[in-house]
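Report on the following structure.
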Amino acid sequence: MPELPEVETVMRGLRTAIEGHKIVHVTLNRHDLRWPFPANLREEMLNQRVVSFSRRAKYILMRLENKWSVLFHLGMSGRMLIGSVGQNEPPPKHEHVIIESEEGVRIGFVDPRRFGAIDLIRTADEASHPLLTKLGLEPLSSKLDGPVLQEMFATKRHTPIKTALLDQRYIAGLGNIYVCEALFKTRIHPERTASSLTEEEAHLLARNIQDILTTAIASGGSSLRDYVQSDGTRGGYQDLHLVYGREGEACRQCSSTEIQRLIQSGRSTFYCPSCQK
DNA sequence: AAGGGCACCTGCGAGC
DNA sequence: TGCTCGCAGGTGCCCT
C-alpha cells in the first residue's frame with residue numbers, strides 16, 4: 001500500500017498527535033505481524049515519552065526517551081488510526097496494537113493483511129537495523145539527480161526501468177503507483193532497460209520523481225482502498241493519477257490512446273503506448 | 001550474482 | 001444471493 005507520500009503523511013500525523021506525549025497504555029492484540037514482535041516491545045514503550053518521529057523510505061521511526069526507537073512498516077494495508085482515549089466507538093477489525101498517551105491520545109495500528117512490521121532498536125543503532133541498511137537513496141534527497149540515476153543503472157542492461165525503480169536498494173520509497181506515474185510523465189516506456197536512459201531522460205526522470213512525490217505529499221497521498229490521513233480524510237493524489245489504475249481509459253495526455261496494463265515482475269504496470277516510447 | 005517466482009494475508013468487486 | 005476468481009500502495013527468501 002503506502003508508498004513514500006502516504007508513509008510521510010502518516011508519520012506527520014503521528015508527530016502532530018503524540019510527539020512529546022507519555023505512553024501510559026500499550027495493548028498488543030497479537031504477538032506478531034509479518035514477524036514476531038520483540039519480546040520487550042510493550043515494556044520498552046510503557047511510561048516513556050515520545051521524543052520524535054522520522055521516516056526512512058517506507059519505514060517510520062518513533063524515538064523514545066529511553067533511547068529505544070520503535071520501527072513501523074505499514075506493509076500493503078497498514079494504517080494508524082488516531083483518536084482519543086475513552087472514545088466509545090467499537091474498535092475496528094484488525095487493530096493489532098493500541099498505544100495510549102497520558103494526554104489522552106489513542107493510536108491504533110490496523111493492518112488487515114498483516115504484511116506490516118514492528119520492531120525495536122536502540123536509537124543509536126537505528127541506521128544499522130537489518131531492514132534499513134540495504135536501502136538506497138531517499139528520492140527527495142538533493143543527491144538524486146540525472147547523473148546519479150544514470151550511474152546507478154549503468155550496468156542494468158537486462159532489468160526493465162520499471163523494475164529497477166521499484167528496487168529499494170537503489171531508490172528507497174517508490175512503489176507501484178509513483179513509478180508508473182513518473183515513467184509516464186517522463187514519457188519512458190516501462191519495458192525499456194534501466195541502462196538505456198539517456199542523460200536527458202535521466203535528468204527529467206529524477207526531476208519528475210521528486211515533483212510527483214512532493215505534490216503527492218502536499219495532497220496527503222493517494223487513497224485507493226482503505227488509506228486515510230491521520231484526521232480520517234482521504235488523500236487527494238489519486239485524482240491526479242494519469243495512468244495508475246486507469247487501464248482502458250483514455251490517456252490524459254494524448255487522449256487518442258487507451259491506457260494499457262502489463263505485468264512486470266508479477267506487478268501491474270500502467271502506461272500509454274503512444275506517449276511512452 | 002542477478003532476476004523471477006512464491007510466499008505471507010484479508011477483503012472487495014466483477015462475473016457467472 | 002452466493003460462489004469463485006483476480007486483484008490490491010510491499011518485500012524477504014529460495015531457486016535458477
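As the structure is a computational prediction, the values presented were derived from the model and not from experiment. Below, chains carry the letters A, B, ... as their sequence lines are ordered, and counting in each starts from 1.
Between A:Arg246 and A:Glu258 there is no salt bridge, since none of the side-chain N atoms of the basic residue sits less than 4.0 Å from a carboxylate O of the acidic one. Ion pairing between a basic and an acidic side chain is recognised when a charged N comes within 4.0 Å of a carboxylate O; A:Glu19 and A:Arg12 show no such pairing. For A:Glu95 and A:Arg79, the salt-bridge test fails: no basic side-chain N is under 4.0 Å from an acidic carboxylate O. Salt bridge present: A:Glu138 and A:Arg55 bring a charged side-chain N and a carboxylate O closer than 4.0 Å. Using a cut-off of 4.0 Å between Lys/Arg side-chain N and Asp/Glu carboxylate O, A:Asp32 and A:Arg30 are scored as salt-bridged. Note on A:Lys22 versus A:Glu65: no salt bridge recorded, every NZ/NE/NH1/NH2 to OD/OE distance being 4.0 Å or above.
In the set C:dG10, B:dT10, C:dC7, the nucleotide with an atom closest to the side chain of A:Pro112 is B:dT10.
A ring-centre distance under 6.0 Å is not found for A:Phe184 and A:Tyr271. Ring-centre distance between A:His96 and A:Phe109: not below the 6.0 Å cut-off.
For A:Lys134 and C:dG10, the NZ to P distance is 18 Å, given to the nearest whole Å. Here C:dG10 presents its C1' atom at 10 Å from CG of A:Asn176, a figure rounded to the nearest Å. If you take CD1 of A:Ile263 and P of B:dG5, they are 11 Å apart, rounded to a whole angstrom. Summarising the geometry, the separation between CZ on A:Phe72 and C1' on C:dG10 is reported as 18 Å, rounded to the nearest angstrom. Taking atom CD on A:Glu247 and atom C1' on B:dA14, their separation rounds to 14 Å, with Å as the unit. Note: CD1 (A:Ile177) to P (C:dC7) measures 17 Å, nearest angstrom. For A:Arg267 and C:dC7, the CZ to P distance is 13 Å, given to the nearest whole Å. The CG atom of A:Leu33 sits 12 Å away from the C1' atom of B:dC8 (whole-angstrom rounding).
The closest donor-acceptor contact from the side chain of A:Gln168 to the backbone of A:Gly173 lies under 3.5 Å.
If you take atom P in B:dA1 and the same atom in C:dT11, they sit 24 Å apart, rounded to whole Å. The P atoms of C:dC14 and B:dC9 are separated by 16 Å, rounded to the nearest whole Å.
Side-chain N/O atoms of A:Arg114 and base N/O atoms of B:dT10 include no donor-acceptor pair closer than 3.5 Å.
Both key distances under 3.5 Å define a Watson-Crick or G-U pair, and stretches of 3 or more such consecutive pairs in DNA chain C run B:2-8 with C:10-16, B:10-16 with C:2-8.
For the OP1/OP2 pair of C:dT11 and a distance below 4.0 Å, the side-chain nitrogens and oxygens of A:His73 include at least one atom meeting the criterion. Between A:Lys58 and C:dT11 there is a side-chain polar atom (N or O) within less than 4.0 angstrom of OP1 or OP2. For A:Ser268, a side-chain nitrogen or oxygen approaches OP1 or OP2 of C:dA8 to under 4.0 Å.
Taking the six-membered ring where the residue is Trp, A:Tyr178 and A:Tyr237 present tilted rings, their angle falling between 30° and 60°.
Note on A:Gly266: nothing from the nucleic acid sits closer than 4.0 angstrom, heavy atoms only. As judged by a 4.0 angstrom heavy-atom cut-off over every strand, A:Tyr59 is placed among residues touching the sugar-phosphate backbone only.
By the 5.5 angstrom centroid cut-off and the 30-degree plane limit, A:Phe115 is classified as not stacked against the base of C:dT11.
Of the residues in residues 151-173 of chain A, A:Gln168 come within less than 4.0 Å of DNA chain C through at least one heavy atom, sorted by number.
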